[in-house]
Amino acid sequence: MSDLEAEYRLDYFEEEGFTRRECPSCGVYFWTRDADRELCGEPPCEDYSFIDDPGFPEAYSLTEMREAFLSFFEENGHERIEPYPVAANRWRDDVLLTQASIYDFQPLVTSGETPPPANPLTISQPCIRMQDIDNVGKTGRHTMAFEMMAHHAFNTREDAEADYAYEGEVYWKDETVAYCDAFFESMGANIEEITYLEDPWVGGGNAGPAIEVIYKGAELATLVFMCMEQDPDGEYEMKDGNTYSFMDTYIVDTGYGLERWTWMSQGTATVYEAIYPDAIDFLKENAGIEHTDEERELIHRAAKLSGRLDIDDVDDVEDARGEVAEKLGVDVDRLRELIEPLETIYAIADHSRTLAYMFGDGIVPSNVATGYLARMVLRRTKRLVDDVGVDAPLDELVDMQAERLGYGNRDTIREIVRTEERKYRKTLERGSRKVEQLADEYAATDDPIPTEELLELYDSHGIQPDMVAEIAAERGAVVDVPDDFYALVADRHERVTDGTDAEPDRDERLADLPETEKLYYDDQGRTEFEAVVLDVFERDEGYDVVLDQTMFYPEGGGQPADRGQLSAGETAVEVVDVEEVDGVVLHHTDADPGKGEFVRGRVDGGRRERLRVHHTATHLIGHAAREVLGGHVRQAGAQKGLNSSRLDVRHYERIAREDVREIERVANELVRRNVAVTQEWPHRHEAEAEHGFDLYQGGVPPGTNVRLIHVGDVDVQACAGTHVDRTGDIGSIKLLKTEPVQDGVERIVFAAGDAAIEATQRTEDALFDAATELDVDPLDVPEAAERFFEEWKARGKEIDSLKEQLAEARASGGADVDEVALGDVTAVIQRLDGDADELRATANAHVDDGSVAVVGSGANGSASFVVGVPADVSINAGAVVSDLAGRVGGGGGGPPDFAQGGGPDVERLDEALAAAPDVLRRMLEA
RNA sequence: GGGCUCAUAGCUCAGCGGUAGAGUGCCUCCCUUGCAAGGAGGAUGCCCUGGGUUCGAAUCCCAGUGAGUCCA
């Protein structure tokens, strides 16, 4: 196996007089201008040396630093690119959040399928890394939200065989390192102090040599040279244990942490004080945190020390605090008391910024994907705010950050935060009640609350174990939270196994066929065309026919495939399905039209028309929903049909009835305006620059050009479906219902065109039928229904009370009553064929008179008994019923004073009743 | 996308095969007239919907609907 040492021997290092050394402390190889340097410079080998002694002559704010970086690279031939959303799952499905600038260009650009927006380019990309969430605020340097400043260059090997969307080399390693040096110099840094550490990079199936750039103890940049891909036969084994080989594209991927650079320029004790001083001042004041000069001095010295410690997980933080206290010569508890509130405030500032990024980018809280992450961050922030006693509402804290970041949808962001906060409060209230109950239960028994209960509370009700412990303590119950609590939670989910669906094999047969020419985009209303059969493949059922050109629309974008016929001369074959594979359209037919034949195709026009109408209507409803509900509304899925279609949209609460009406109104308004629906195929970068990422409601398509569908000047989307020419062709749109698909996603079901009329007729038919049944005017149905329902309930009550009266009347001497003396008491044996309520009421009436009651009924096709026993009589009613019911082939039971039972043999009911006196006597004697 | 939990009086919940309950709120009366007052009486339920098991289902099983929650 080769290693990558040679990859780091740059001409630039040679020319600039660098030397390569091995750090005696950690063993890493690094390059430096300072021939006397021993150590690599990175903690823990060396400490931070910029705290209270900034690394650059001038102090920069975040904004100033971002501008300094971007304009430096702009001046050096890079094009400045606007940042991408933080929700990376909007253009890729392998990750949820943008964690680095290179994420913007994966996978389509890095693979060479799609050209980069500029080459070379520079960008400052907002990123969110949830991995560090527990450290935020505590270490002085971790943030969950950050901006990665970067410059990228996309290169293709000269000898590459395949075609790529970019060609040749822009620049590679030497220039990248030279730029880095030059940028440091432009900031006024002493470049003698910089060290370049060899640190190969691996990630996401790619790998390459990489360099960490260390200045005054801080890692300020990482220069990654992505040039290898995972390959079982590769000759390089990387640190993940896999082997890699070089690929045709090679990409400069750099990352300069905006926050780190800003911090370096200011030399404050923690990064937080450098990047959002205003938010921290506000929070401190709001939480009422004040310090004496002596305390301030102590905190500053502690922060300096803890910033230098190597702490990468929370367990270490407590150890580190002890260490710091010792060095400062203060009591660790005093230190904790001083520092913890500050740590909380730092975390709140960072989390608020994270939330502003998330909601600003249109993420809606939910129980899945990015929405779930947003919910977790919000809840955590809420807890921190409550812990430290900040009484500013959460939506205001997030809004402060949103304002600073310049988002235009601040009102929606606030509304989302408020809604989500309200939901969380309800969860907490629900949880508290549950825990209080549980705590009381276990406080009485002196047993600790079992771990199983804790797991249940957390897993099913979202209640953190520390909250359980807190409430339990107030109520005098004991809780032991196991150290491996969260591992136990994970175990509960362990059983879940899913078979990973295998990638379907690529169809080799299609490799030599040309892409099918798609006529359906030329005239979306045409249904007839002529074509040549290029090839026919047999399949399990029927055939796949490939034509040189087609009018048939294949399944895609939630639009079902066209149907129709292909005819050659006298013979015609039915097209039952159509799909597209690698640009080749396969017509699934019931018979073989013959390879090489000249065919006439006819698309089922009625079907096509309905699909076109529904597809354009989908765009209108998406637009109307955005207008009515807010700009965050985004498509989460769609399916067109012939009779109705559905559009799933992201929204943070149930869609109110009045909003449904308003969406319907706005959509139909557009229909009435009869605006033109047009298509165009611009270069994707032009399209993105003009319309932004909201173009891709249904996913990001590959390729250099994208097809855009414009509805007048109100809506534009990248879309491959077939549409009507003018909105008026839709006729009308009827929203049928909305339903929640999952938290944060609402499904809007609607019908358009003829289907809208039909749907309305169906609803009307139902109403008219109901009206006929109630014998009222259709418009009076709700009122009549309510009246009937009320009346029905009143009658139920009246019947109950009449049954009581009837029972009393019967008990006081009706027919079919046998009285039997049982020693001191009388037993009443009675048959009355009524329902269970009547039997019970009658039995009760007898018992009230002081008699034992045995009441039987043969109504409703089965025999049933009720036995009642006055309190002072020692007969077990349950046992009596059990005996009697056995005689009719059934069973029964109940408490000793009142029991019920029965069986299927009605004809033996009288026989059983006749035996009742004997049974009672036996019971009395027993 | 998967797992789990829940659905009973206006509200909060108990009941978990055998006559639907408590607290609170509501109505009436009494006692007091001060600050979630005390006493007596009363009304209020398609026990989420549909199917199944059973002599009998609020209760057990299945499906649906709605709410909540954890994980990727």
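Keep in mind that what you see is a predicted model, and the values were worked out from it rather than measured. Proteins get letters first, then strands, A, B, ... in listed order; numbering begins at 1 in each.
When the P atom is compared between B:U65 and B:G10, the two are found 26 Å apart, to the nearest whole Å. Between the C1' atoms of B:C4 and B:A40, the separation comes to 47 Å (whole Å). To the nearest whole angstrom, the two C1' atoms, one in B:C27 and one in B:C46, are 25 Å apart. Of the P atoms belonging to B:A58 and B:G25, the separation is 30 Å, rounded to the nearest Å. Spacing of C1' atoms, B:G51 relative to B:U12, comes out at 32 Å, to the nearest Å. Comparing B:G52 with B:G15, their P atoms are spaced 28 Å from each other, to the whole Å. The P atoms of B:G68 and B:U53 are separated by 35 Å, rounded to the nearest whole Å. Look at the P atom in both B:C48 and B:A20: the space between them is 15 Å, to the nearest Å.
At a cut-off of 3.5 angstrom, counting only N and O atoms as typed in the model, there is no donor on one side facing an acceptor on the other between the side-chain of A:Asp459 and the base of B:U69.
Summarising the local packing, CD of A:Glu429 is surrounded by more than 12 heavy atoms from other residues, nucleotides or ligands at distances under 6.0 Å. The number of heavy-atom neighbours closer than 6.0 Å to CG of A:Asp483, taken from other residues, nucleotides and ligands shown, is 12 or below.
Nucleotides of RNA chain B nearest to A:Arg433 and A:Gln900 differ in position, and the one nearer the 5' end is that of A:Arg433. Taking the nucleotide of RNA chain B with the nearest heavy atom to each of A:Gly902 and A:Gly893, the more 5' of the two is matched to A:Gly893.
Within the 4.0 angstrom heavy-atom criterion, only backbone atoms of the sugar-phosphate kind lie near A:Gly903; the bases stay farther away. Contacts of A:Ala369 with the nucleic acid, taken as non-hydrogen atoms under 4.0 Å apart, include base atoms. Within the 4.0 angstrom heavy-atom criterion, base atoms lie near A:Asn844.
For the pair A:Arg908 CZ and B:C55 P, the interatomic distance rounds to 15 Å; values are reported in whole Å. Distance CZ (A:Arg887) to P (B:C55): 18 Å, rounded to an integer number of Å. One can place CG of A:Leu488 at 17 Å from P of B:C70, the figure rounded to the nearest angstrom. For A:Asp835 and B:C55, the CG to P distance is 19 Å, given to the nearest whole Å. Per the geometry, OH belonging to A:Tyr486 stands 13 Å off P belonging to B:A72, to the nearest Å. The CG atom of A:Asn367 sits 11 Å away from the C1' atom of B:G2 (whole-angstrom rounding). Atoms NE2 (A:His461) and C1' (B:U5) sit 5 Å apart, rounded to a whole Å. Rounded to an integer number of Å, the gap from A:Asp905 CG to B:C55 P is 10 Å.
One distance of note links CG of A:Asp835 with OG of A:Ser864; it measures 9.0 Å at 0.5 Å rounding. In this structure, A:His651 NE2 and A:Arg634 CZ are separated by 13.5 Å, a value rounded to the nearest 0.5 Å. The distance from the OG1 atom of A:Thr354 to the CZ atom of A:Phe359 is 10.5 Å, given to the nearest 0.5 Å. With rounding to the nearest 0.5 Å, the separation of CG in A:Asp395 from CZ in A:Arg418 is 5.0 Å.
The main-chain N or O of A:Asp361 is found under 3.5 Å from a side-chain atom of A:Arg90 such that the two form a donor-acceptor pair. Although no hydrogens or angles enter the test, the distance criterion places a donor-acceptor pair under 3.5 Å between the side chain of A:Thr763 and the main chain of A:Ala759.
Distances from the side chain of A:Phe898 to the nucleotides B:G18, B:U19, B:U12 place B:U19 closest. Side chain of A:Ser862, nearest nucleotide from B:C13, B:G68, B:C55: B:C55. When distances are taken from the side chain of A:Val368 to each of B:C13, B:U5, B:A72, the shortest belongs to B:A72.
Salt-bridge check for A:Arg887 with A:Asp883: passed, with a basic side-chain N closer than 4.0 Å to an acidic carboxylate O. Ion pair A:Asp837/A:Arg840 flagged as a salt bridge, since at least one NZ, NE, NH1 or NH2 atom sits closer than 4.0 Å to an Asp/Glu carboxylate oxygen. Remark: A:Lys382 engages A:Asp386 in a salt bridge, criterion side-chain N to carboxylate O under 4.0 Å. Between A:Glu790 and A:Arg787 no salt bridge is recorded (no basic side-chain N to carboxylate O distance below 4.0 Å). Between A:Arg795 and A:Glu791, at least one side-chain nitrogen of the basic residue sits less than 4.0 Å from a carboxylate oxygen of the acidic one, meeting the salt-bridge criterion. Under 4.0 Å is where a charged nitrogen must lie from a carboxylate oxygen, and between A:Lys737 and A:Glu739 at least one such pair does.
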So which protein nitrogen or oxygen atoms get under 3.5 Å of nucleotides 41-47 of chain B's nitrogens or oxygens?
residue: B:G45; atom: OP1; partner: A:Lys797; partner atom: NZ; Å: 3.1

Please write out each protein N/O paired with an N/O of nucleotides 48-51 of chain B under 3.5 Å, distance rounded to 0.1 Å.
none

I'd like a list of close polar pairs between nucleotides 60-67 of chain B and the protein, N/O only, cut-off under 3.5 Å.
residue: B:A67; atom: OP1; partner: A:Arg654; partner atom: NH1; Å: 3.2

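In this structure, A:Asp848 has no side-chain hydrogen bond (donor to acceptor under 3.5 Å, both in side chains) partners at least two apart in sequence or on a different chain.
Side-chain atoms of A:Leu629 and A:Asp659, non-hydrogen and from C-beta on, do get closer than 4.5 Å to each other.
Base-pairing analysis of RNA chain B finds the following stems of at least three consecutive Watson-Crick or G-U pairs, with both pairing distances under 3.5 Å: B:1-7 with B:65-71, B:10-13 with B:21-24, B:26-30 with B:38-42, B:48-52 with B:60-64.
Of all heavy-atom pairs spanning A:Ala369 and A:Leu96, the tightest one is CB-CD2, 3.8 Å. Looking at every heavy atom in both residues, A:Asn367 comes nearest to A:Arg375 through N-NH1, 4.1 Å.
Contact check of residues 375-385 of chain A against RNA chain B (heavy atom, cut-off under 4.0 Å) returns A:Arg375, A:Met376, A:Arg379.
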| query | Does the ring pair (Phe, Tyr, Trp, His ring centres under 6.0 Å) test come out yes or no for A:Tyr103 and A:Tyr84, once each step is laid out? | reply | CA-CA 9 Å; A:Tyr103 277 41; A:Tyr84 282 49; over 10 Å; no
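Applying the 4.0 Å criterion to OP1 and OP2 of B:A14, one finds that A:Gln437 has a side-chain N or O inside that range. Checking the phosphate oxygens (OP1, OP2) of B:G1, a side-chain nitrogen or oxygen of A:Gln742 falls inside 4.0 Å. For the OP1/OP2 pair of B:U69 and a distance below 4.0 Å, the side-chain nitrogens and oxygens of A:Thr427 include at least one atom meeting the criterion.
By the 5.5 angstrom centroid cut-off and the 30-degree plane limit, A:Tyr458 is classified as not stacked against the base of B:C70.
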